[in-house]
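Notes to accompany the following structure.
Everything numeric in this text was worked out from a predicted model, so none of it was measured.
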Protein chains: 2
Amino acid sequence: MKRITTEAAEPQEHRTKPPTVRDVARRAGLSQAAVSYALAGPSPRVSDQTRQRVLQAAAELGYQPNVLARVMKGKEAGLLGIIVRDGGAPTAAEVCRTLMTRAPAYGYDIILTDAGNSATTLLRLANLMKSRLCDGLFLVGELPDQDMHWDAYERLGVPTVALLHGDERAYPGTRVSVERRSGLREALDHLYELGHRHIGFVGSDLLNGLKERRRTFVSLMRERGLPLPKESLLLTDFSREGGRDAMRRLMSMASPPTAVLACADLVASGMLVEARRAGVAVPGDISVVGYDDNPEAEYSCPTLTTVHQPIAEMADRALEWFQSRRAGGASSLDNLVVNATLVVRESTGPAPLDGPAKGRAHTGAVRRGRSSVPGG
Amino acid sequence: MKRITTEAAEPQEHRTKPPTVRDVARRAGLSQAAVSYALAGPSPRVSDQTRQRVLQAAAELGYQPNVLARVMKGKEAGLLGIIVRDGGAPTAAEVCRTLMTRAPAYGYDIILTDAGNSATTLLRLANLMKSRLCDGLFLVGELPDQDMHWDAYERLGVPTVALLHGDERAYPGTRVSVERRSGLREALDHLYELGHRHIGFVGSDLLNGLKERRRTFVSLMRERGLPLPKESLLLTDFSREGGRDAMRRLMSMASPPTAVLACADLVASGMLVEARRAGVAVPGDISVVGYDDNPEAEYSCPTLTTVHQPIAEMADRALEWFQSRRAGGASSLDNLVVNATLVVRESTGPAPLDGPAKGRAHTGAVRRGRSSVPGG
DNA sequence: CTGTTAGCGCGTTCAG
DNA sequence: CTGAACGCGCTAACAG
């Protein structure tokens, strides 16, 4: 009963705030409802003439609807959110880019935030996006300690698809996962055919997904009856520096493997850099295989043989899932599997005939070049 | 008068919707207002005891405030938005990453969307972010045709800072710009000292910023009285492929430059790849300088001498601007300038003593390798 | 057939 | 400490 406001309000401070439907209505001499109907498209509710008046008034004021208000009313936003653990990781970055590129084809806009490795940031941002803003969420890349935050994840209350999250123990919700075994098997077959028998692995325990790659590798090696001395299973940081360090350690081994699988291209890339620096030939002395097939793999030196993760396909699976949900089917807890395949480039070649690299002439060069290095 | 809803509604469907202040209030046996005050922090409006009750009820329900509703009410969101023209471009990607990493230190969260090179998409997303959601916007990377959309940009009605946008003719609003002249001058000095006199440029006209780099290069060459034949000013695509194409054209020239500046690392990287493929030595036969200092520059083969854009500093300038605005000063239309500096790595070396690369033995190899290439 | 009124959703805030 | 209005755009139900 105390409605004092309405038309009596002063118009002078409207300059700063963007115009609303009310402003347009005032200008067109109509009610807000009429404006809303007119703006929604041709409709039997408003005459074409009125509609034109509205459209013109809106254009003159530069009116843009407030999406937030619309969303609050309960309309679908047509917006999906990406929360990436660490946008600096090349594979995660490419997944995000791909999702963003492809989303429009599925009728979605997309926004992204970076959790910067912090679980609390992730939850804060998730809460923001979930507040009716986004119809769904992608979780790209796992957090190192995400297992601790399960309850919070589950409470999100927004349809969510996880990507790059390892297997169901690492993330029990709906996720896109890569069939690890086949890709790694291809890599091992490839190396075996090239004559390699002593094959090492450079891994990291930072994330569940990386651990799984190592476990799968070990199991495949056993399956095939190949020797796997403990020192050929290296652990290092999930970074380019980690790769360099691993390569140094390999070069200092009495009997290093003739071929090595890295848990990620990022690590493999560091290995190549260090090999080049130390004068170790790849693949002449040691073959290196990556995992991920980041865009850089094609431009490294030598170009990198690696297990390709089909990122475009992963993005499509994830987007399709949202689309079919929107259509009606509440298909809960899916596991959307895609396959990885080996891409052979320059970093793998025949196993050295005269045994491991260590015995060869240039090994001296390695020692000379970096004798004070840790891990030796 | 027809208010049927309210308390009479069935409670069973509350499970799906996240809890609201009303739910917390009901649980604590208080009014929504009391809850709101209590949640806002200690205040004379509610007793500490009541506050505890509220806090506990909120925790039990897993209550999270709806950020959208809060923002609608006119509160600051503490959120900044990034609109990136093309997240695939390495420099833009790194600027975004850096902004996202550093924003928390300035008290902001940050969300990002990719305009995917489309102006309409950009404006749609800008409208979303502007709808009270974001307190400010970063525009990262210019659109090829952005000049056409000036009025729309200006109407955004949100404090905006542009990054990677060329000079004030390209973007008249507040922006962070790189002092181009000094960085390029350093690069030329460096090449000059190495004995290079015939220096070329591989540019692109896609974006204003790239055009400016070329113009600055030309003006510096004139200033120094160095010859600059028209065919040493190459134009190509802003991509790795564009770089490869440019290198092929350079190799087919009768008298190619002994050193070349590329308008961007991305292009320079393609040039290195093609040189390696064709057996042209860098820097033995030709020196290559990039622009941007993307992270990859340090890992290419050879590593790339390039003009470093101080991205961290750019991000800090931009974030500081928002921060000081928030504090009160409405400092409008600033131009926040940072300086670029040369980083010398392996891709530059002394000018060949026996004249341009073309005259040397391996040139034959180049021709053998790729005689059917366009641009020759 | 056209236009208007009124109220939804949710956190905030002023007058009681 | 509570009741009720507010900021928004949208839309069901009514009035002309």
(request) By nearest nucleotide on DNA chain D, pick out whichever of A:A34 and B:L30 is the more 5' one. (result) B:L30
(request) Indicate, with a heavy-atom threshold strictly under 4.0 Å, whether B:S47 touches base, sugar-phosphate, or nothing. (result) sugar-phosphate
(message) Assess, by modelled atom type and distance only, whether the side chains of A:N208 and A:E142 contain a donor and an acceptor separated by less than 3.5 Å.
(response) yes
(message) Between A:A69 and A:G29, which residue's closest nucleotide on DNA chain C lies nearer the 5′ terminus?
(response) A:G29
(message) Taking the minimum atom-to-atom distance to the side chain of B:A33, which one of D:dC8, C:dT13, C:dG11 wins?
(response) C:dT13
(message) At 4.0 Å (heavy atoms only), tell me whether A:S31 reaches a base, stays on the sugar-phosphate, or touches nothing.
(response) base
(message) Rounded to whole Å, please give me the gap between CD in B:Q64 and P in C:dC10.
(response) 15 Å
(message) Within the 4.0 Å heavy-atom criterion, would you say B:R22 contacts the bases, only the backbone, or no part of the nucleic acid?
(response) base
(message) Please report the distance, rounded to the nearest Å, between CG in A:L133 and P in D:dC8.
(response) 17 Å
(request) Answer with base, sugar-phosphate or nothing: what part of the nucleic acid does B:T20 contact at a heavy-atom distance below 4.0 Å? (result) sugar-phosphate
(request) State, with a plain yes or no, whether a side-chain heavy atom of A:V35 is found less than 4.5 Å away from one of A:Y63. (result) no
(request) Report the residue (B:V35 or B:M72) whose heavy-atom-nearest nucleotide on DNA chain D is the more 5′ of the two. (result) B:V35
(request) Could I get the full list of side-chain contact (heavy atoms from CB on, under 4.5 Å) partners for B:E60, not counting sequence neighbours? (result) B:R27, B:Q56
(request) Whole angstrom is fine here: how far is it from CG in A:D23 over to P in D:dG7? (result) 12 Å
(message) What contact category does A:L68 fall into here, base, sugar-phosphate, or nothing, at under 4.0 angstrom with non-hydrogen atoms?
(response) nothing
(message) What is the distance, to the nearest angstrom, from the NZ atom on A:K73 to the C1' atom on C:dC10?
(response) 13 Å
(request) Please confirm whether any donor atom in the side chain of A:K75 sits under 3.5 Å from an acceptor in the base of D:dC10, or the reverse. (result) no
(request) Grab the CD-P distance between A:Q32 and C:dT2 for me, whole Å please. (result) 20 Å
(request) Indicate, with a heavy-atom threshold strictly under 4.0 Å, whether B:R132 touches base, sugar-phosphate, or nothing. (result) sugar-phosphate
(message) When you compare the side chains of B:N335 and B:S177, does any donor N or O come within less than 3.5 Å of an acceptor on the partner?
(response) yes
(request) Would you kindly check whether a donor in the side chain of B:Y37 faces an acceptor in the base of C:dC14, or vice versa, at under 3.5 angstrom? (result) yes
